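Keep in mind the model is a prediction, meaning the values are calculated, not measured.
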Amino acid sequence: MYSFMGGGLFCAIVGNILIVVSTATDYWMQYRLSGSYAHQGLWRYCMANKCYMQTASIGAPKWSNKTASEITGAVLWFVQAYWNATRAFMILSGMACFAGIMAGILSFAHFSAFERFSRSFAAGIMFFISTLFVLLAMAIYTGVTLSFLGKRFGDWRFSWSYILGWVAMLMTFFAGIFYMCAHRMYESRRVVGSR
């Protein structure tokens, strides 16, 4: 039981670090713009060794006629919502993973006040919630990038911050699996011990 919890705690700590690094860094996507390489993250985009705050205008197409201004407004709103949703899900994932780590650490302690509350089960659920949030963030970013931003930039690719997000999802998922296995082992020992 303790080996499952130790493995789960290790996966969760690594996963939470990866979530924070992935969310904070500016290498989700790399592309060529005006003959030079540029890269962007969830918060900033960088070109020619200068970084700027991420706004909706980076992915918006440029139309010159007045009837297209309404379309441009809708596109700008969509791109801004996409950035905000990806950011929000990554932050929520980090918070859920941190809460799972706290519950996971507490599951090593045996307090009689918490006899009816399984901390290992709570930790496993928090890790699965964190996995769901990372999956949602990565799916939103992937879908919008492939269908919208990728078409704007001809020579582009996903970069290492994006890959860290997917690895973080796997780590939090395995942390949840380990803690659920620990919970099942604890429950089966408790049932056998009560006979």
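- For F178, there are no ring-ring contact (aromatic ring centres under 6.0 Å, His included) partners two or more places apart in sequence or in a different chain.
- By the side chain to side chain contact (heavy atoms under 4.5 Å, CB included) test, T86 pairs with W28, L42, Y82, A137, I140, Y141, sequence neighbours left out.
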With side-chain contact (heavy atoms from CB on, under 4.5 Å) as the criterion, how do R87 and W43 come out once you've worked through the C-alpha distance, each side chain's angles and the decisive distance to 0.1 Å?
CA-CA 8 Å; R87 292 174 191 149; W43 308 99; 3.3 Å; yes

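- Between the side chain of S159 and the backbone N or O of M29, no donor-acceptor pair lies under 3.5 Å.
- Looking at heavy atoms from C-beta onward, F128 lies in side-chain contact with M180 at the 4.5 angstrom threshold.
- Contact annotation: the side chain of L164 never approaches that of Y27 to less than 4.5 Å [non-hydrogen atoms, C-beta and beyond].
- Close placement of the F127 and Y179 rings is indicated, their centers lying within 6.0 Å of each other.
- In this structure F174 satisfies the ring-ring contact (aromatic ring centres under 6.0 Å, His included) test with no other residue, sequence neighbours excluded.
- Checked by atom type and distance alone, the side chain of S107 never pairs as donor or acceptor with a backbone atom of R119 at under 3.5 Å.
- Side-chain contact, T131 with T172: a donor N or O sits under 3.5 Å from an acceptor N or O.
- In this structure, R32 forms no cation-pi arrangement with W156, as its terminal cationic atom is not both closer than 6.0 Å to the ring centre and no more than 45° off the ring axis.
- Under the 4.5 Å side-chain heavy-atom criterion for grouping Ile, Leu, Val, Met, Phe, Trp and Tyr, Y37 is not connected to Y31 through any hydrophobic cluster.
- No donor-acceptor pair closer than 3.5 Å links the side chain of S130 to the backbone N or O of M126.
- Linking Ile, Leu, Val, Met, Phe, Trp and Tyr whenever their side-chain heavy atoms come within less than 4.5 Å leaves V20 and M90 in two separate clusters.
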Mind running side-chain contact (heavy atoms from CB on, under 4.5 Å) on M138 and F133 for me, showing each step along the way?
CA-CA 9 Å; M138 300 308 289; F133 285 149; over 6 Å; no

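- The backbone N or O of A182 lies less than 3.5 Å from no partner atom in the side chain of S120, so there is not a single donor-acceptor pair.
- Side-chain heavy atoms closer than 4.5 Å link hydrophobic residues (I, L, V, M, F, W, Y) into clusters, and following such links, possibly through other members, connects V167 to I101.
- Annotation: salt bridge (charged side-chain N to carboxylate O under 4.0 Å, His left out) contacts involving residues 37-53, sequence neighbours excluded, comprise D26-R44.
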Enumerate, atom names and distances included, each donor-acceptor pair closer than 3.5 Å involving a side-chain atom of residues 5-16, sequence neighbours excluded.
none

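- The distance from atom SG of C51 to atom CD of Q40, rounded to the nearest 0.5 Å, is 11.5 Å.
- To the nearest 0.5 Å, atoms CG (L132) and CG (L92) are separated by 10.5 Å.
- In F121, the CZ atom is not crowded: 12 or fewer heavy atoms of neighbouring residues, nucleotides or ligands sit closer than 6.0 Å.
- Among all heavy-atom pairs drawn from S22 and G165, the shortest one is OG-N, 3.5 Å.
- For V21 against T25, the heavy-atom pair with the smallest separation is O-OG1, 2.8 Å.
- Listed by chain and residue number, nothing satisfies the salt bridge (charged side-chain N to carboxylate O under 4.0 Å, His left out) test with R157 (two or more places apart in sequence, or in another chain).
- Of all the heavy atoms in I129 and A96, the pair that sits closest is CG2-CB, 4.1 Å.
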side-chain contact (heavy atoms from CB on, under 4.5 Å) for F158 and T145? Distances and angles first, verdict last.
CA-CA 9 Å; F158 291 115; T145 300; 3.6 Å; yes

For side-chain contact (heavy atoms from CB on, under 4.5 Å), just list the numbers for F173 and V134, CA-CA rounded to whole Å, side-chain angles, deciding distance to a tenth of an Å, and then say yes or no.
CA-CA 10 Å; F173 178 74; V134 172; over 6 Å; no

